[in-house]
Amino acid sequence: MPPFYLTTAIDYANGDPHLGHTLEKVGADVIARWRRLRGDDVRFLMGMDEHGQKVARSAQKAGIEPQAWVDGIGATFDATWRSLLCSHDDWIRTTQPRHRTGVTAFLERMRARSPDDLVVQVYEGLYVVGAEEFVQEGELVDGVHPEHPNDPPVVMREENVFFRLSRYRDALDQLIRSGALQVEPAIRRNEMLRLLEGGLHDISISRPRIPWGIPFPGRPGDTVYVWYDALLNYLTAVGVDAWEAHPADVHVIGKGISRFHCLIWPAMLLSAGLPLPRRVQVHGYVQWDGAKMSKSAGTAVSVAEARDRHGADALRYYLMRDIGLENDGDFTWERFDARYTADLADGLGNLASRSLAMLEKYRGGVVPAAPPTTALDDDGRAALDAYAAAMDAFDPKGACEAAWRHVTAANQYIVQVAPWTLAKQGDAPALDAALAALARCLHRLALMSAPVMPARAELLWQALGRPGPLDAVRWDAERGAELAGARTTKPPVLFPKPAA
């Protein structure tokens, strides 16, 4: 059985990473970690889009060659995602030989299978360098591209190779409506269907006079259009021999590039006679004061600032819990700090500290034997089911909500049962039942936290005396594991409160 193949969009090498990129990369990583926890063999691809006029322009502005520019930018992006605990196992760069070879092979396959899909014609229209695409008047808002308001369109006249995208309107409509190509959430699916209702325009896939790119086979002096080149990374990463057997299970991408991934990319695959991705998960934007964070508009918050405020795990949790992979969401320091304090420091962190301290004080750090029949155990089983259902539906926000309802229930359980009172009364069976229930609760929360906050979850896992690293266990085997007799320790503070 082939691996579960998960990708993000590849980042464009013309500036530093921002929180919009971060939402996508963390969201995809949460999915990848969840699928591994479920027992899947996961192939997780990330990478860099390194060709095109905008990259060449950025390199020229910096006074260096394009290759030196993308080498530096690519290293920055990869290091950033690693610092945020992303677990990708492949890093594709469109300047790599495997990608150049694959792009040429794909064009040759299209020519062989669907020769009428590629035509040469002269085209004159509005071109937006920031978007690296020709645009129609109707796509502009107040005369500018909505994603690139600081880069006004210019009139260009070129002889290009065109891909007859218009031929695939009916096929794409049927695939999306039937669910054979899943586009989620529904609001993005409906956007694509509305675009199809208006018809599709053929698109240019070659560029003259832009040397920074992959040479277009059979067209001396032309390069492959950067978007066409970039989309092919999902194939070139797996190798030509695996194309027919290894479609992506899910692409995680932002709404600003949904047309490319939900319409143009599937049409390219249909033209080449290759299987389509199974799902395109389209997320919204991270906003600051209602405006999208982007490189072209400037960013109010750097990734390093956000990561260093409370740590990588906390930033990952905030992005998944407050924004998730469907809608736009605002990032503010106030919201981040409030979520950190309420959910992490006073929520999970306080629960772990109190529970493990009581286990140490009353039972020498050994989990007592007691059946999982408490109200907290009942709540925990429901939480595990709700969490798994949300994760399986690519909804990390809903999964976090399910897990943290259990955190709240556990803190309430401590107040209601009052283990310290049971200890004073000498009610050993009731105290054992309470302490064992709290240990099982922490065990469940470590499992549920693992995809979102892998480092903090691992600390909790070790404090519970569980064998082996947490990222090596499997959900079904662990969700009902017996903890009686396990020796616990009190970990360092999981989520320290900032100094006042």
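What you see below is based on every heavy atom in this structure, not just the backbone, and it leaves out hydrogens, waters and symmetry mates.
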Salt bridge between [X] and [Y], side-chain N to carboxylate O under 4.0 Å?
{"X": "Lys255", "Y": "Glu191", "answer": "no"}
{"X": "Glu401", "Y": "Lys397", "answer": "yes"}
{"X": "Asp385", "Y": "Arg479", "answer": "yes"}
{"X": "Asp249", "Y": "Arg35", "answer": "no"}
{"X": "Asp322", "Y": "Arg339", "answer": "yes"}
{"X": "Arg38", "Y": "Asp476", "answer": "yes"}
{"X": "Arg164", "Y": "Asp117", "answer": "no"}
{"X": "Glu197", "Y": "Arg177", "answer": "yes"}

Is the shortest side-chain heavy-atom distance between [X] and [Y] below 4.5 Å?
{"X": "Val286", "Y": "His18", "value": "no"}
{"X": "Glu478", "Y": "Trp461", "value": "yes"}
{"X": "Glu244", "Y": "Leu274", "value": "yes"}
{"X": "Val183", "Y": "Arg279", "value": "no"}
{"X": "Leu269", "Y": "Leu235", "value": "yes"}
{"X": "Ile205", "Y": "Leu107", "value": "yes"}
{"X": "His251", "Y": "Trp265", "value": "yes"}
{"X": "Pro185", "Y": "Gln281", "value": "yes"}

Do any N or O atoms from the side chain of [X] and from the backbone of [Y] form a donor-acceptor pair under 3.5 angstrom?
{"X": "Thr223", "Y": "Ile210", "value": "yes"}
{"X": "Ser58", "Y": "Lys54", "value": "yes"}
{"X": "Ser178", "Y": "Leu175", "value": "yes"}
{"X": "Ser206", "Y": "Val161", "value": "yes"}

Classify the ring geometry between Trp34 and Trp475 as parallel (under 30°), tilted (30 to 60°) or perpendicular (over 60°).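 Perpendicular.
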
On the 0 to 90° scale, with breaks at 30° and 60°, tag the Phe331-Trp333 ring pair as parallel, tilted or perpendicular.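 If you compare the ring of Phe331 with that of Trp333, the planes turn out perpendicular.
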
Separation of Arg98 CZ from Thr236 OG1 (nearest 0.5 Å):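 Rounded to the nearest 0.5 Å, the OG1-CZ separation comes out at 6.5 Å.
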
Please assess Asp29 against Arg316 for the test salt bridge (charged side-chain N to carboxylate O under 4.0 Å, His left out), listing each intermediate value before the final yes or no. CA-CA 10 Å; Asp29 185 66; Arg316 287 168 62 100; 2.7 Å; yes

Ring centroid separation His21 to Phe77 under 6.0 Å: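 Yes: the rings meet the under 6.0 Å criterion.
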
Short side-chain donor-acceptor distance under 3.5 Å, Tyr234 and His261: yes

Can a side-chain donor-acceptor contact be found between Arg36 and Ser87 if the only test is distance below 3.5 angstrom? yes

Would Arg207 and Val226 count as a side-chain contact (heavy atoms from CB on, under 4.5 Å) if you check the C-alpha gap in whole Å, the side-chain angles of each, and the deciding distance to 0.1 Å? CA-CA 9 Å; Arg207 289 290 182 273; Val226 64; over 6 Å; no

Please evaluate residues Trp227 and Asp49 with respect to the criterion side chain to side chain donor-acceptor pair (under 3.5 Å), reporting the C-alpha separation (whole Å), side-chain torsions for both, the decisive distance (0.1 Å), and the verdict. CA-CA 9 Å; Trp227 260 108; Asp49 177 7; over 6 Å; no

For a ring-ring contact (aromatic ring centres under 6.0 Å, His included) with Tyr317, tell me which candidate from Trp404, Phe336, Phe495 qualifies. Trp404

Surrounding CD of Gln67 (heavy atoms of other residues, nucleotides or ligands, distance under 6.0 Å), is the total greater than 12? yes

After noting the C-alpha distance and the side-chain angles of Ser114 and Arg167, does the key distance pass the side chain to side chain donor-acceptor pair (under 3.5 Å) rule? CA-CA 11 Å; Ser114 306; Arg167 290 183 165 187; over 6 Å; no

Yes or no on side-chain contact (heavy atoms from CB on, under 4.5 Å) for Phe163 and Met110, after CA distance, side-chain angles and deciding distance? CA-CA 10 Å; Phe163 170 46; Met110 276 185 68; 3.6 Å; yes

